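Heads up, the thing below is written out as structure tokens.
From a predicted model like this one, the values you see are computed outputs, not experimental measurements. Throughout, a chain's letter reflects where its sequence line sits, starting with A, and its residues are numbered from 1.
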Amino acid sequence: MKNEQTQIPTIDSLGEWKRTDNCGTLRQHHVDRDVILMGWVNRRRDLGNLIFIDLRDREGITQVVFDPQVNAATHEKAHVLRNEWVLAVKGTVVPRLEGRENRDLPTGEIEIKVEEVKILNLTETPPFQVDGAVDASESLRLKYRYLELRRPQIFENFRKRHAIASFIRAYLDERGFMEVETPILTKSTPEGARDYLVPSRINRGMFYALPQSPQLFKQLLMVAGFDRYYQVVRCFRDEDLRADRQPEFTQVDLEMAFVDEKAVMDIFEGMMGALFTRIMDTKIESPIPHLTYQDAMNRFGTDRPDLRFAMELVNITDIADQSDFKVFKGVVATGGMVKAICVKNAAANYSRKMLDEISLVATANGAKGLAWIKIAADKWQSPVAKFFNDETKLALNGRLDAVPGDLILMVADQPAIANAALSALRLEMAQREELIKEGEHAFVWVTDFPLLEYDDAAGRFVAVHHPFTAPVEEDLELLLEHPGKVRARAYDLVLNGSEIGGGSIRIHNASIQETVFEALGISPEEARSKFGFLIDALKHGAPPHGGMALGFDRLVAIMAGVNSIREIIAFPKTTSGTCPLTVAPSPVDPKQLKELGLSINL
RNA sequence: GGGGACGUAGUUCAGUUCUGGUUAGAACGCUGGCCUGUCACGCCGGAGGUCGCGAGUUCGAUUCUCGUCGUCCCCGCCA
């Protein structure tokens, strides 16, 4: 008898059994119903003569009971069941005994009195507990991703992702947008991110590129008269990864003919409002506030400001210049600026050691250091206090609205660095001071971007958005003389300090497009070979058009309340671009390389 | 390409660090037994470790040194 128990149990076939209900729906009013449930063993509680199993599927958990008085053979069989085994149980819904209900479970008023059980599959000892309180390391969870995804709280992220995608599709369908698929094997283009390349076997030595976005194809669809296009589409960029960046990611890509900026922005603004009402049951601020790029940089030091809290950057260059602090004066003399933030009522909370830690945030972003002032009742407590006289102290306090108890952080550097450092400090201090309320969602449009900016590394101007973005009409004449002064008809949608979307009105005039290429330092020959098909298309009746792309993964991550987009991508890659589950990328057979005419040269 | 943190049982960690020493611990999981109302069931017993990998120093390295690999966060990069 004992031997029989230690044998590996046989796996039963499903046979004629049909699932009647899932594990999340049965309630008091289903009592006496004969049911067949199927799912995984979440937990077992073997009391000897009475065995409880929590059976789990994606809809929930139902307790099933094996009682020798119901069926002795079935009860005997149930002793060997283990966590994560796959079961089918046939039985009857019965009410739980008085006082034995489980209030934590939606199905907690009932249980299943099992008459028969089928073991549909066994399992090896799981590498981590699906129903465990402690998390395994992320690489282990990625290697056994199918177990991680079995966890209810993880699964709910994907239910939400699906609901958001469905809603967006319906919203756009109702407004006349057509989903059109565009090529995944396409042409490598200069500008922008590094391409993923795919060698061609039929055309040896030639390469396709995976699209960084369907940008050019959607413009061609506008030329074709499709009028309103959208696509939930995978995009690929061969750049280093981050918590909010994967090499392949999903965009809601959209393009409209015969429109201006407002028409495109209205579509997205309406979509976000309806989406947050439906999925999050919250109203977003309406209309969504606008900031110009200049205002965003001046007030927040970044083009994607987090508006969930204030603590704006304040320019104190003129006051700093009147101090005797050589570092400040030196920076001002070389065209730099001094900016500051005032952390309200924080002076007492930060020791010298903590301020040293905080200054690392500034130096990590390129600043040479951080100057701080603790405002006391009638004096400054600060390493730089001695460089300021009473007048300049008063002026600075006044400029920053600083009152006793406040902490002032200052950075002096070239504008790009001062802004970057203080922008990072602003986020750091908001986190430390817990200024960001749970569940808050602050949208903002950022507009009036420059069309081009000078790239020191490349030694030329590059497109801030992309090379197909239309310049503001009255700035057109500046294009070749003062490229940096031309404004773009571009707009970004920012949510909680994260850029979740961006778009522009496109160039639909071939000669303007050629001029922009010229301003970018792209020769007519190169423009012809790389973008000839676009120029040709623009010459064949391109309508005015514009559009936008939404970073779907980032949006879902924010709506799901998770910190990394890996949490809402079913099979994501690690920060070094590998997949622990499939072990990709991997070497390939030399035969495959030969067919492609490739050889490896490391 | 650069900076930081981490790597010890199946898992999450402690310890070993400054002070190298022969049996490296806990919890959960796994496993054998007992148990008729559990729901993080309980009780008694058991198994389970190249201390990421390599080299060096040393009589002796999980511990010290150097290198390397992996994971995560950040800068650069990402139109």
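Contact annotation for A:E138: backbone-only contact, meaning every heavy-atom pair under 4.0 Å involves sugar-phosphate atoms and none involves a base. In this structure, A:V462 reaches neither bases nor backbone, as no heavy-atom distance under 4.0 Å exists between it and the strands shown. At the heavy-atom level, A:P467 lies under 4.0 Å from base atoms of the strands shown. Residue-level contact check: A:A420 touches neither bases nor backbone, having no heavy atom under 4.0 Å from any strand.
Taking only side-chain atoms of A:Q129, from C-beta outward, the nucleotide of B:rC73, B:rC77, B:rC28 with the closest atom is B:rC28. Proximity note for A:D240 (side chain, C-beta onward) versus B:rC77, B:rU31, B:rC73: the nearest is B:rC77.
Separating the P atom of B:rC75 from that of B:rC30 is a span of 42 Å, rounded to the nearest Å. Annotation: B:rU11 and B:rC18 have their C1' atoms spaced 31 Å apart (nearest Å). Taking atom P in both B:rC35 and B:rU71, one finds a spacing of 49 Å when rounded to whole Å. Of the P atoms belonging to B:rC72 and B:rU50, the separation is 24 Å, rounded to the nearest Å. Annotation: B:rC6 and B:rC78 have their C1' atoms spaced 26 Å apart (nearest Å). Across the P atoms, B:rC69 and B:rA9 are found 22 Å apart, a figure rounded to whole Å. When the C1' atom is compared between B:rG60 and B:rG21, the two are found 7 Å apart, to the nearest whole Å. Comparing the C1' positions of B:rC64 and B:rU57 gives an interatomic distance of 8 Å, to the nearest angstrom.
Remark: A:D306 engages A:R308 in a salt bridge (Lys or Arg N to Asp or Glu O under 4.0 Å) (not counting sequence neighbours).
Sequence order on RNA chain B of the closest nucleotides to A:L140 and A:T125 puts A:L140 first from the 5' end. The nearest heavy atom of RNA chain B to A:G577 and to A:P68 marks one nucleotide each, and the one closer to the 5' end goes with A:P68.
At a cut-off of 3.5 angstrom, counting only N and O atoms as typed in the model, there is no donor on one side facing an acceptor on the other between the side-chain of A:N83 and the base of B:rG29. The base of B:rC39 lies close enough to the side chain of A:R96 for a donor and an acceptor atom to sit less than 3.5 Å apart. Contact annotation: side chain of A:E111 to base of B:rG37, donor-acceptor pair present below 3.5 Å. Judged by distance alone, with hydrogens and angles left aside, A:R245 brings a side-chain donor or acceptor within reach of the base of B:rC77, the pair sitting under 3.5 Å.
Contacts with RNA chain B (heavy atom under 4.0 Å) in residues 360-370 of chain A: A:A364, A:N365, listed by number. For residues 564-574 of chain A, proximity to RNA chain B is found at A:R566, A:T574, defined as any non-hydrogen atom under 4.0 angstrom from a strand atom.
Remark: the A:Q212 side chain and the A:D195 side chain contain an N/O donor-acceptor pair separated by less than 3.5 Å. Judged by distance alone, the side chains of A:T62 and A:E111 never bring a donor and an acceptor atom under 3.5 Å apart. Counted by atom type alone, A:Y293 and A:D492 present zero donor-acceptor pairs between their side chains at under 3.5 Å. No hydrogens or angles considered: nothing links the side chains of A:E148 and A:Y146 as a donor-acceptor pair under 3.5 Å. Side-chain atoms of A:R487 and A:Q294 include no donor-acceptor pair closer than 3.5 Å.
Sorted by first and then second residue, the side chain to side chain donor-acceptor pair (under 3.5 Å) pairs with a member in residues 412-424 of chain A read A:K339-A:N419, A:K368-A:D413; sequence neighbours excluded. For residues 446-461 of chain A, the set of pairs meeting the side chain to side chain donor-acceptor pair (under 3.5 Å) definition, not counting sequence neighbours, comprises A:E191-A:R460.
Close placement of the A:F531 and A:F468 rings is indicated, their centers lying within 6.0 Å of each other.
Taking the charged nitrogens against the carboxylate oxygens, A:R432 and A:E428 do have a contact shorter than 4.0 Å, which makes a salt bridge. Ion pair A:D54/A:R43 not flagged as a salt bridge, since none of the NZ, NE, NH1 or NH2 atoms sits closer than 4.0 Å to an Asp/Glu carboxylate oxygen.
Pair assignment for B:rU71 gives B:rA5, based on Watson-Crick or G-U wobble hydrogen-bonding distances that are each under 3.5 Å.
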Intermediate values then yes/no, salt bridge (charged side-chain N to carboxylate O under 4.0 Å, His left out), A:E84 and A:R150: CA-CA 10 Å; A:E84 301 309 319; A:R150 208 179 272 171; 2.8 Å; yes
Quick test: give all pairs of protein nitrogen or oxygen and nucleotides 41-50 of chain B nitrogen or oxygen below 3.5 Å, distance rounded to 0.1 Å.
unit_1 : atom_1 : unit_2 : atom_2 : d
B:rC41 : OP1    : A:R43  : NH1    : 3.1
B:rC41 : OP2    : A:R45  : NH1    : 3.2
B:rC41 : N4     : A:D46  : O      : 2.6

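Counting non-hydrogen atoms of other residues, nucleotides and ligands closer than 6.0 Å to CD of A:Q153 gives a total above 12.
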